[in-house]
Amino acid sequence: MEFVLTPHPPIHILLRSSPVAAGTAESRAGQVGLGGLAIPRGVLLMASQSPRGDGPYPLSTLRHSVSHLMASAVQSLFPEVKFGFGPSIEHGFYYDFQLSDPLEAKDLKRIEKEMRKIAKRSPELVCAEYTRDQAKDRLARRGQDFKVEAVDEIPADERITFYTHGDWEDLCEGPHIDRLDRSYHFKLQTVAGAYWRGDEGRPMLQRIYGTAFWIKEELEAHLAWLEKVKEQDHRRLGTDLDLFSLHAEAGAGFVFWHPRLGTVRREMEKFWWEEHEKGGYEPVYTPHVSREDLFAISGHLDNYADMMYAPMAIEEIPYRVKPMNCPGHILIYKNRGRSYRELPLRWAELGTVYRHERSGVVHGMMRVRGFTQDDAHVFCTPDQLADEIAGVIELVKTIVSAFGFQFTAYLASRPEEKFIGSEESWESAMKALSKGAECAGLALEPDPGGGAFYGPKIDFKLKDALGREWQVSTIQCDFNLPERFDLNYTDRDGQQKRPIMVHRAIYGSLERFCGVLIEHFAGRFPLWLAPTQVALIPIREEHGDYARELAGLFRRSGMRVDCMDQSAHMNKKIKQAKKDKVPYLLICGEREVAERTVTVATRGESEQRTVPADDFLAAALARVAERALSL
RNA sequence: GCUGCUGUAGCUCAGUGGUAGAGCACUUCCUUGGUAAGGAAGAGGUCAUGGGUUCGAGCCCCAUCAGCAGCUCCA
């Protein structure tokens, strides 16, 4: 298996005074080292055998304490500051501040300097308990409005504690390290805006992110990792490898697929259709533009008008660009009467949809305004529902794991506000999803309130190079659209009954999945996906005929070949082919011509081997046929 | 949408109010080469766009567009 994601460097979890004694190294690390947050993909966690085991507290405690240190430094530099929250997070910590002036990069340097100054005085971190009124009084006297509000939200049965060092005091439940001059290493990283309490309607504070480690080398390794991961960013690779582009002239959030990525996508689609045909799906195609009424019936207009592109009037009738494919599939279903004998119907479409995402959220290929869903709808009877869901889960597993991905699955329940349909229908849909997952042996994380407005769903998420999660696959149970569109089938007993719809996507969006894929492979696509699979490199011009002959043979066999027969130095050709991350470079010189062989330089390997050209071709074709991930 | 930052050649970036720069990539010529930079010459930019200040703007101000980090949101 080739190198995939750049793994996060090892972190020594220091457990000496850890309150948690039992469990595996990994679970302990998850609890005490990373604050109970998800362990990022590729992070290797080890119990402590640190050569400098002088850190008697978990990293999350250290980082939380360093966030206090930072806040006290900000207070001493900007006395008018008001404080928000300042927790430890997955890779570090942050603290939110309200200040009259924006913080800049150079302020971070000043703050770091002040932090070292304060730590040098060796202040102890002292905990004190207060009553609710005392606490509010202490905070109100210092004008800490946000903190006063925070006191109000502490449940009645919880202790209210403050942590103090020097002249700094903060409402905080702890725990903390004992003294701030302990040996550790920190760095302030970025400043960004964040709403107070995560609420768009409330003031925006300035958030400083930073990180801290007990061991200097680990801090350095972490920072080096962040740099390294940038090279895997799909936007960077998209430019370097000539995969895709975005254009101000076209508008934000619209992806232009270049030929090389077009090739990758076509292979993804081929694979997808193969698996869907095996799974009993049939292709459908629906228009990109429909009368607005269609989306009024579906409820999209009520719930998502602000994210739909504005109507266009054609002969005075308003039309909309489709934000979803389901109403189109429903029209096909409704086109004639349906019998129970036909169900389940599984209809699939690579349907391109347009949604006006808010300007701040578009991100490379991951979050865009026009994208192709690998959409399908299953129309089935209530009896068939759990089996259908289990079947979709199996298909998700087959397709997603073919790319070497591991996913996390979430069960998303009814949203608190925007939803349609009865409570009973939501409940039975939740049950069907749980049951389907159980049949397929899929573990589900809860996602309360995360459902679609028309029904609950199972979402599958993948991580990008930085460990940020992106939703790809989704399975959505829908009792509501069949109701709204008055869908029916004639059952065995002659009665008209309501079918259930399952909406599902596996890649989710071709754009997003491909973006995650680029990062996952760091641009080194497996053979079956690689835009160029083989580069033929003749050593001298006189070997060009042989290279061209092989190129023709390989192409006729279905391989994607770059025959580099220009009159350039072979060093240059090799450099070019390696830059393009071509899986196999085939060198053709005097010996190879004479023996009808090729010398194969495999991507990621230093060893080369000389093999008969026909043998190489047969082996490569076999690897493509099995969609192997390794070369 | 919000807060902050950014926008100079295909890419990476210099350029603090007075004639637009470098490296790599590209083109041509020379080099006929056995595994990641052979040599020379050349071409390439309304300094994101639109206003403003100024004798003069890549540089200062305003707006718009786009990008980046984060927050919020994501059928």
Side-chain angles (χ1 to χ4, degrees), chain A residues 94 96 98-99 101-105 107 189-209 230 233 235-236 239-240 242 245-253 295 298-304 306-308 322-327 353 355-364 366-369 373 375 412 415 418-420 450-455 457 459 466 468 470-471 474 476 478 480-481 503 505 508-509 512 537-543 567-579 585 587-592 599 601 606 608 610:
Chain A
Y94 67 78
D96 290 342
Q98 188 175 56
L99 289 162
D101 294 316
L103 289 167
E104 293 170 27
D107 294 316
Q189 294 166 293
T190 56
V191 53
Y195 297 109
W196 167 238
R197 313 236 63 175
D199 183 343
E200 226 182 332
R202 311 197 65 175
M204 179 158 278
L205 310 180
Q206 300 191 64
R207 173 173 297 179
I208 300 179
Y209 285 92
K230 281 188 197 160
D233 190 305
R235 295 166 298 186
R236 168 88 259 136
T239 304
D240 288 351
D242 193 12
S245 52
L246 304 160
H247 300 270
E249 303 92 303
F295 302 108
S298 70
H300 291 111
L301 216 48
D302 286 343
N303 288 280
Y304 290 98
D306 53 336
M307 288 185 76
M308 288 173 65
K322 68 175 170 183
M324 285 199 89
N325 300 302
C326 33
V353 297
R355 300 176 183 178
H356 192 270
E357 299 280 3
R358 294 209 285 178
S359 60
V361 305
V362 294
H363 180 95
M366 304 292 207
R367 185 90 179 260
V368 293
R369 288 174 171 163
Q373 284 185 321
D375 210 352
K418 277 188 190 173
F419 67 91
I420 55 181
F453 72 87
Y454 50 69
K457 55 181 183 166
D459 284 335
L466 265 174
R468 295 181 287 208
W470 296 96
Q471 183 204 308
T474 184
Q476 310 180 349
D478 183 358
N480 292 307
L481 283 181
H503 309 243
S509 128
R512 174 177 293 179
I537 301 178
I539 287 176
R540 278 204 308 280
E541 204 140 347
E542 66 203 73
H543 309 130
S567 65
H569 283 256
M570 73 171 285
N571 272 354
K572 198 173 184 182
K573 298 179 198 174
I574 288 168
K575 186 186 152 197
Q576 182 63 39
K578 292 202 170 182
K579 192 191 131 268
L585 313 192
I587 312 295
C588 307
E590 208 168 328
R591 283 201 307 276
E592 288 81 0
T599 294
S606 50
Q608 298 179 37
T610 301

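So you know, we letter chains A, B, ... as the sequences are listed, proteins then strands, and number each from 1.
Between the side chain of Glu357(A) and the backbone N or O of Arg367(A), no donor-acceptor pair lies under 3.5 Å. Side-chain atoms of Glu590(A) do not come within 3.5 Å of backbone N or O of Ile539(A) as any donor-acceptor pair. At distances below 3.5 Å, not a single donor-acceptor pair connects side-chain atoms of Asp233(A) with backbone N or O atoms of Lys230(A).
For Gly364(A) against Leu246(A), the heavy-atom pair with the smallest separation is CA-CD1, 4.1 Å.
Rounding to the nearest 0.5 Å places NE2 of His300(A) at 8.0 Å from CE of Met308(A). The distance from atom CD of Gln206(A) to atom CD of Gln98(A), rounded to the nearest 0.5 Å, is 9.0 Å.
Checked by distance alone, Gln608(A) brings a side-chain donor or acceptor within 3.5 Å of a matching partner on the base of rU35(B). Between the base of rU32(B) and the side chain of His569(A) there is no donor-acceptor pair shorter than 3.5 Å.
Remark: C1' of rC26(B) and CG of Asp242(A) are 14 Å apart, rounded to the nearest angstrom. Summarising the geometry, the separation between NZ on Lys572(A) and P on rU31(B) is reported as 15 Å, rounded to the nearest angstrom. In this entry the distance linking CG of Leu99(A) with P of rG4(B) reads 12 Å, nearest Å.
Within the shown strands, rG7(B) is the pairing partner of rC65(B) under the Watson-Crick or G-U definition, both distances less than 3.5 Å. Remark: rC59(B) base-pairs with no nucleotide; criterion is Watson-Crick or G-U wobble with both hydrogen-bond distances under 3.5 Å. When both pairing distances are held under 3.5 Å, rA22(B) makes a Watson-Crick or G-U pair with rU12(B). With both pairing distances under 3.5 Å, rC71(B) is matched to rG1(B) as a Watson-Crick or G-U wobble pair. In a base pair of the Watson-Crick type (N1 to N3 plus N6-O4 or O6-N4) or a G-U wobble (N1-O2 and O6-N3), with each distance short of 3.5 Å, rU27(B) is matched with rA41(B). When both pairing distances are held under 3.5 Å, rU53(B) makes no Watson-Crick or G-U pair with any nucleotide shown. Base pairing of rG34(B) is not made with any nucleotide, judged by Watson-Crick or G-U wobble geometry with both donor-acceptor distances under 3.5 Å.
As rounded to the nearest Å, rU46(B) and rA20(B) have P atoms that lie 13 Å from one another. With both ends at atom P, the span from rG17(B) to rU27(B) equals 39 Å, rounded to whole Å. A distance of about 13 Å separates the P atoms of rA25(B) and rA40(B), rounded to the whole Å. Between the C1' atoms of rU19(B) and rG56(B), the separation comes to 12 Å (whole Å). rG45(B) sits 8 Å from rG10(B) when the P atoms are compared, rounded to a whole Å. Nucleotides rA43(B) and rG23(B) are separated by 15 Å at their P atoms, to the nearest Å. The same atom, P, is picked in rG52(B) and in rC5(B); the two are 25 Å apart, to the nearest Å. Across the P atoms, rC11(B) and rA57(B) are found 27 Å apart, a figure rounded to whole Å.
Comment: Lys457(A) engages Asp459(A) in a salt bridge, judged by a side-chain N to carboxylate O separation of less than 4.0 angstrom.
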Would you check, one step at a time, whether the test side chain to side chain contact (heavy atoms under 4.5 Å, CB included) holds for Tyr195(A) with Glu200(A)?
CA-CA 6 Å; Tyr195(A) 297 109; Glu200(A) 226 182 332; 3.8 Å; yes
Kindly determine whether Arg369(A) and Ser359(A) satisfy side chain to side chain contact (heavy atoms under 4.5 Å, CB included), including the steps that lead there.
CA-CA 10 Å; Arg369(A) 288 174 171 163; Ser359(A) 60; 3.9 Å; yes
Per-nucleotide protein contact string for nucleotides 69-75 of chain B, where B marks a base within reach and S marks sugar-phosphate only (heavy atoms under 4.0 Å, - for neither)
SBBBBBB
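Across all strands shown, Asn303(A) has no heavy atoms under 4.0 Å from either base or sugar-phosphate atoms. Using a 4.0 Å heavy-atom distance criterion, Glu590(A) is classed as a base contact. Contacts of Glu592(A) with the nucleic acid, taken as non-hydrogen atoms under 4.0 Å apart, include base atoms. Counting any heavy atom pair closer than 4.0 Å across all strands shown, Thr599(A) reaches a base atom.
By the 30° and 60° cut-offs, the orientation of the rings of His503(A) relative to Tyr454(A) is parallel.
Between Gly253(A) and Gln206(A), the residue anchored nearer the 5' end of RNA chain B, judged by the nucleotide with its closest heavy atom, is Gln206(A).
Phosphate proximity of rA36(B) to Lys573(A): absent, as no side-chain N or O sits under 4.0 Å from OP1 or OP2.
With rU35(B), rG67(B), rG38(B) as the choices, the nucleotide that has an atom nearest any side-chain atom of Ala252(A) turns out to be rG67(B).
For Asp240(A), the salt bridge (charged side-chain N to carboxylate O under 4.0 Å, His left out) test picks out Arg236(A), with sequence neighbours left out.
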Check nucleotides 5-16 of chain B for protein N or O atoms closer than 3.5 Å to its own N or O atoms and list the pairs.
{"unit_1": "rU12(B)", "atom_1": "OP1", "unit_2": "Arg236(A)", "atom_2": "NH1", "d": "3.2"}

